[in-house]
2 protein chains.
Amino acid sequence: MDALTIHEAAQTTGWSPRMLRYVERIGLIEPPRTDAGYRMYGPEELQRLRTLRELLDDHDVGLADIAFALRLRQEDALRGDVESWLKARPQRPETVSADDWLSWEQEKHARLLAATTTPTMENPAR
Amino acid sequence: MDALTIHEAAQTTGWSPRMLRYVERIGLIEPPRTDAGYRMYGPEELQRLRTLRELLDDHDVGLADIAFALRLRQEDALRGDVESWLKARPQRPETVSADDWLSWEQEKHARLLAATTTPTMENPAR
DNA sequence: TGAACCTTACCACACCTGTGTCAAGGTTCC
DNA sequence: GGAACCTTGACACAGGTGTGGTAAGGTTCA
């Protein structure tokens, strides 16, 4: 008497057996197997299934999102690239301090000077 | 002569105008507007569009994934919950040190004792 | 004023996500 | 040996993602 079968685990956690297989397939919860290949859900798996459900409900995210967060945690190159891309998002005046607003206006000047040879909007309305 | 229109920006970055609007809608790149509402793509936006393309291609991720990474960075509660859930993933003997394997076996004992009244697999084949 | 842009708001479509059901075959246990 | 499980694999389907169009109307500029 060691662990629950997939149907039992489903009943006690509120997931369906189908979804337990799905959650396993996308790499979120991979229960050990018996020699015959039967999934065995122990207390940790059951707990994780319940907290996973909470996570999804509380923040309105999907399983694919959590799977992506897992990728972020496991693939260093991916995490680095994503983080540096996000970090570079331009901070616009509305969202930053008065000091930053000043440098924003100066930077705008630089942008003007840096404008290229490509055809552009003439006299933009601001 | 300040910034490019959406069609010009599309041409120089390889995105379609349609996709530039989509990228804006999901919150990844929101160019400033003229008084008339025209999107103005400056050098930063163009650069970010190009690096975004690279990011997607290099790691085979989708725009929705990046949008989720942005949520993770902006919503503290979400990030905390996701991280603590992922951090708790069970380390199985195959992937950890001999010491941990020992405690794994002991823990298994605890699981046996904790087994509930629910019907369970009899004599699991390991 | 008219050509050539821009805007938003729809219709459309292929693929992915999340979920169910069913079939064909192996395992457990009495 | 047979009931009641388990396995994988397939068909199905709604809703979201990623992309294209097209229409109705405002803006820019020669």
Side-chain angles (χ1 to χ4, degrees), chain A residues 1-41 45 49 52-53 55-57 59-71 118-126, chain B residues 1-41 45 49 52-53 55-57 59-71 118-126:
Chain A
M1 193 175 295
D2 190 11
L4 303 190
T5 67
I6 193 170
H7 272 262
E8 295 157 356
Q11 275 189 329
T12 68
T13 61
W15 294 89
S16 66
R18 179 66 163 84
M19 286 309 294
L20 294 190
R21 298 199 186 93
Y22 184 62
V23 167
E24 179 185 32
R25 201 171 67 80
I26 64 180
L28 295 187
I29 295 178
E30 297 168 317
R33 306 288 193 105
T34 68
D35 285 350
Y38 285 23
R39 293 171 182 80
M40 296 188 303
Y41 290 87
E45 281 83 17
L49 283 171
L52 177 58
R53 167 71 78 197
L55 184 57
L56 300 188
D57 290 350
H59 300 284
D60 190 35
V61 300
L63 291 169
D65 293 324
I66 308 300
F68 180 68
L70 180 56
R71 273 193 74 186
T118 334
T120 61
M121 286 193 293
E122 306 292 336
N123 299 333
R126 59 180 310 192
Chain B
M1 191 175 295
D2 191 9
L4 303 189
T5 68
I6 193 170
H7 272 262
E8 295 158 355
Q11 276 189 330
T12 68
T13 61
W15 294 88
S16 67
R18 180 67 162 84
M19 285 310 292
L20 294 190
R21 298 199 185 92
Y22 185 62
V23 166
E24 180 185 31
R25 201 171 67 80
I26 64 179
L28 295 188
I29 296 179
E30 297 168 318
R33 304 290 191 105
T34 68
D35 284 351
Y38 285 23
R39 292 171 181 81
M40 297 187 304
Y41 290 87
E45 280 83 16
L49 284 171
L52 177 57
R53 168 72 77 197
L55 184 57
L56 300 188
D57 290 350
H59 300 284
D60 190 35
V61 300
L63 291 169
D65 292 325
I66 309 300
F68 180 69
L70 179 57
R71 273 193 74 186
T118 334
T120 61
M121 286 193 292
E122 305 291 337
N123 298 334
R126 62 179 310 190

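Remember, predicted model here, so these are calculated numbers, not experimental data. In the text below, chain A, chain B and the rest are named by the order of the sequence lines, each starting its count at 1.
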*Asks:* Taking only heavy atoms on the protein side, list every residue of residues 61-68 of chain B lying under 4.0 Å from any atom of DNA chain C, sorted numerically.
*Replies:*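 Of all residues in residues 61-68 of chain B, none places a heavy atom under 4.0 Å from DNA chain C.
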*Asks:* State which residues pass side-chain contact (heavy atoms from CB on, under 4.5 Å) with B/Leu56; sequence neighbours excluded, sorted by chain then number.
*Replies:*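 Scan of B/Leu56 (side-chain contact (heavy atoms from CB on, under 4.5 Å), adjacent residues dropped) gives B/Trp15, B/Leu52, B/Val61, B/Leu63, B/Ile66.
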*Asks:* Figure out the CG/P separation between B/Asp35 and D/dG26, and round it to whole Å.
*Replies:*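 About 17 Å, once rounded to whole Å.
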*Asks:* So which protein nitrogen or oxygen atoms get under 3.5 Å of nucleotides 8-15 of chain C's nitrogens or oxygens?
*Replies:*
from: C/dT8; atom 1: OP1; to: B/Arg33; atom 2: NH1; distance (Å): 3.4
from: C/dT8; atom 1: OP1; to: B/Arg33; atom 2: NH2; distance (Å): 3.2
from: C/dT8; atom 1: OP2; to: B/Arg39; atom 2: NH1; distance (Å): 3.1
from: C/dT8; atom 1: OP2; to: B/Arg39; atom 2: NH2; distance (Å): 2.8

*Asks:* Tell me, please, which residues at least two apart from B/Gln11 pass side chain to side chain donor-acceptor pair (under 3.5 Å).
*Replies:*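 Side chain to side chain donor-acceptor pair (under 3.5 Å) list for B/Gln11, sorted by chain: empty.
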*Asks:* Check A/Arg53 against A/Gly14 and note the closest heavy-atom contact, atom names and distance.
*Replies:*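 Looking at all heavy atoms of both residues, the shortest contact is NH2-O, 3.5 Å.
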*Asks:* Can you tell me the distance, in whole Å, between the CE atom of B/Met40 and the P atom of D/dT27?
*Replies:*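 My rounded result for the distance is 16 Å.
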*Asks:* Looking at every heavy atom in both B/Arg39 and B/Glu24, which two are closest together, and how far apart are they?
*Replies:*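 Looks like NE-OE1, 2.5 Å.
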*Asks:* Could you say whether B/Ser16 or B/Arg25 is positioned toward the 5' end of DNA chain D, judged by the nucleotide with the nearest heavy atom to each?
*Replies:*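 Here B/Arg25 is the residue nearer the 5' end.
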*Asks:* Between D/dG18, D/dC6, C/dG18, which nucleotide gets closest to the side-chain atoms of B/Met19?
*Replies:*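 The answer is D/dG18, which lies nearest to the side chain.
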*Asks:* With sequence neighbours left out, write down each residue that passes side chain to side chain donor-acceptor pair (under 3.5 Å) with A/His7, or none if nothing qualifies.
*Replies:*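 Here no residue qualifies.
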*Asks:* Looking at B/His7, I'd like to know whether one of its side-chain N or O atoms comes within less than 4.0 Å of OP1 or OP2 on C/dC5.
*Replies:*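 Indeed not, no polar side-chain atom of B/His7 lies that close.
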*Asks:* Please tabulate, one pair per line, each protein N/O and nucleotide N/O from nucleotides 23-25 of chain D that are separated by under 3.5 Å, including the distance.
*Replies:*
none

